Engineer: 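Just dropping this structure here.
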2 protein chains.
Amino acid sequence: MVKITDVARRAGVSPSTVSYALSGKRPISDATRRRVQAAVRELGYRADGGGRSRSGARAKVLALAVPMRPGIHVPVVTQFAVSVVTAARARDHDVLLLTQAEGDEGIGRVTETGLADGVIVTDVQLQDPRLPLLRSCSLPSVLIGVPAEADGLTCVDLDFRAAGELCVDHLAGLGHRAVALVGSPPEVYVRRTAFARRLVEGFTAAADRHGLASAVLPCGTGREAARAVVERLLRDLPALTAVVVHNEPLVDPLIEAFEELGMRVPGDLSLTAVCPAPVAAAARVPVTSVAVPAAELGARAVHLLVRKLSGAPVPGTTLLPPRLTERASTAPRGH
Amino acid sequence: MVKITDVARRAGVSPSTVSYALSGKRPISDATRRRVQAAVRELGYRADGGGRSRSGARAKVLALAVPMRPGIHVPVVTQFAVSVVTAARARDHDVLLLTQAEGDEGIGRVTETGLADGVIVTDVQLQDPRLPLLRSCSLPSVLIGVPAEADGLTCVDLDFRAAGELCVDHLAGLGHRAVALVGSPPEVYVRRTAFARRLVEGFTAAADRHGLASAVLPCGTGREAARAVVERLLRDLPALTAVVVHNEPLVDPLIEAFEELGMRVPGDLSLTAVCPAPVAAAARVPVTSVAVPAAELGARAVHLLVRKLSGAPVPGTTLLPPRLTERASTAPRGH
DNA sequence: TTCACCCGTCGAAGCGCTTCGACAAGGGCG
DNA sequence: CGCCCTTGTCGAAGCGCTTCGACGGGTGAA
């Protein structure tokens, strides 16, 4: 292993000069800097992470807390992870993966031990047990998701409230008078997952504002669950002509269930989804949707966290405005 | 931050004794050990990762290389990741996530800098460009997947060759005389991904052995792709009564495509899948399948890597025997 | 009783890096 | 022309931990 003293010898300077030349924390003459850089290249030098991290410097590692709870949609979470890693690498950081395996205190462990410099927290609940931890140890963090009390925290998310409203606005604009929201599995709401709750709020508020009849039903995954929910909806809300679905793996089964019961999409029923664009586009009937920009959220989270680590000021909460893309699943009421 | 000297003072011993008491690398009397442990608990001490790794010890971090290439099935990969993290934590290690974002040399970087002690490599191809790297820098590694040349490497995988044979044996035993393998997307084969190739080998060998007519077709995802493959199959192999599918998201569309063309499962067509058990069980028709034990593979990989790090000898290649679970999608030929 | 040993513990020496204070050389100013 | 400040570099002091060699006191054997 080639170390900083090797580089120093090769460049004919002292180790400290090498360190300064590489970090730029003190002025170094151009000639020296170039010699150092040449030596680094020739020897293939790489700063040892261990050595760096306890001289008060950063480890250049971000932790990513991904509680793989039941009811979440795996591909979305994976997209977060991948985009976080990619964005982190672009900023010369690595990513440590934390799951729920060891409970919430993994977050504390990883930063207290200096393994990671900061943490990105996903799947945030309105009252999240991890918040006190994040607040107390004053450990740099960014949440993907917005809890009920976001003071003093840095959060990024799609504006799910606005997304809910946008869907209803669109459907109301098409003349629909009765809409339903088919949501995530019940456990997601029981946990009070922030984004799911916010979407319901927006949906309900917009439905009331437009004076629409509305219903909200959580729904598990699978054909049977979809069928059951559709039957229940048609019973409770016979005038139903529009549905918003916020449950990725349910989009196709839901369309099937409606069609089996004689309602064609979009002929008899208009459907909008809140899901990643590829899911919406690949559905049985391409679905008008508000995209969940998982990749962008991940990248933004990294960006914010790195800025925070460098001491720069960062905004409290960033809400990405929802954008609705029309596809084949929505039509004016009565064709 | 509480450090080892604090614990030492509190326990009335020297720092080195604390270190030994915690690591067990030298005998420490029971009384002392207990006092140290008490002090650790009371003070909430956690060994600083930087300090540790700087002094030549291990960082207790494993890197997980997950190239998110097109054509792979995301939930399976995620299951690997989650099980790796869980297993690693159980052995007091953390996991650093590497994607393809920075190319193959991320593996080298992460270990040379001492950030990680070893690496778990997934999505192994028969001629994998990462192999020379793994061999040359003599860096502890475990592959999930078996390349063409596995000498000197530690590999874990499902025995996909045997899995392919097992499926065909099962179908042949039911009296089927013409079988097809519907595989992963073409790009997976172009890359010469090890497990996909092995399955084809096993399938073909067993079909030949049983004297069955057979065909192998790669297939992309989506309803249209499924439909196209089914039409092609029925044209090329009109006597077809059995199919093996090795493509998770295609299981349902494939069943649908066959049924739309008038072939009922399992009445007219028997289907076996090679996929994780939940996928098979949740399909439109519960599918007889050989399970891909993603979680177990991940856990085993961690186990092997940790043993390797501790200097213990490890086996070269571990192939998990396939196990076929009968469900509703297979029946004797002609009912 | 003595000697040799082993067990349990300690002190000190690093690990590779960063950073602080010092210092030599050079330039601008009075 | 001398003084002081700047600029560029160096030496040395740690960071918190592990680990090596050493050492005191107890035990078993002679």
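First the proteins, then the strands, lettered A, B, ... as listed; each starts at 1. Small disclaimer: the values here were computed from a predicted structure and weren't measured.
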Engineer: Just by modelled atom types, is the B/Ala294 backbone N or O under 3.5 Å from a matching donor or acceptor in the B/Gln79 side chain?
Structural biologist: no

Engineer: Below 4.0 angstrom from OP1 or OP2 of C/dT9, is there any side-chain N or O of B/Ser29?
Structural biologist: yes

Engineer: Given A/His93, which of A/Val85, A/Val61, A/Val306 fulfils the side chain to side chain contact (heavy atoms under 4.5 Å, CB included) condition?
Structural biologist: A/Val306

Engineer: B/Asp48 CG to C/dC17 P: how many Å, rounded?
Structural biologist: 17 Å

Engineer: Would you say the side-chain atoms of A/Thr193 pair up with the backbone N or O of A/Phe195, donor to acceptor, closer than 3.5 Å?
Structural biologist: no

Engineer: Heavy atom of residues 15-28 of chain B under 4.0 Å from DNA chain D: which residues?
Structural biologist: B/Ser16, B/Ser19, B/Tyr20, B/Lys25, B/Arg26

Engineer: Would A/Val142 and A/Arg300 count as a side chain to side chain contact (heavy atoms under 4.5 Å, CB included) if you check the C-alpha gap in whole Å, the side-chain angles of each, and the deciding distance to 0.1 Å?
Structural biologist: CA-CA 10 Å; A/Val142 172; A/Arg300 286 212 183 214; over 6 Å; no

Engineer: Is the closest side-chain donor-acceptor distance between B/Ser19 and B/Ser16 under 3.5 Å?
Structural biologist: no

Engineer: Under 3.5 Å, is there a donor-acceptor pair linking the side chains of B/Arg69 and B/Gln100?
Structural biologist: no

Engineer: For DNA chain D, determine which residues of residues 30-42 of chain A have any heavy atom closer than 4.0 angstrom to one of its atoms, and list them numerically.
Structural biologist: A/Thr32

Engineer: Can you tell me the distance, in whole Å, between the CD1 atom of A/Ile4 and the P atom of D/dC15?
Structural biologist: 19 Å

Engineer: Has the side chain of A/Arg135 got a donor or acceptor atom that lies under 3.5 Å from a matching backbone atom of A/Asp151?
Structural biologist: yes

Engineer: Taking NZ from B/Lys3 and P from D/dT18, how many angstroms apart are they, rounded to a whole number?
Structural biologist: 14 Å

Engineer: Is the closest side-chain donor-acceptor distance between B/Thr86 and B/Ser83 under 3.5 Å?
Structural biologist: no

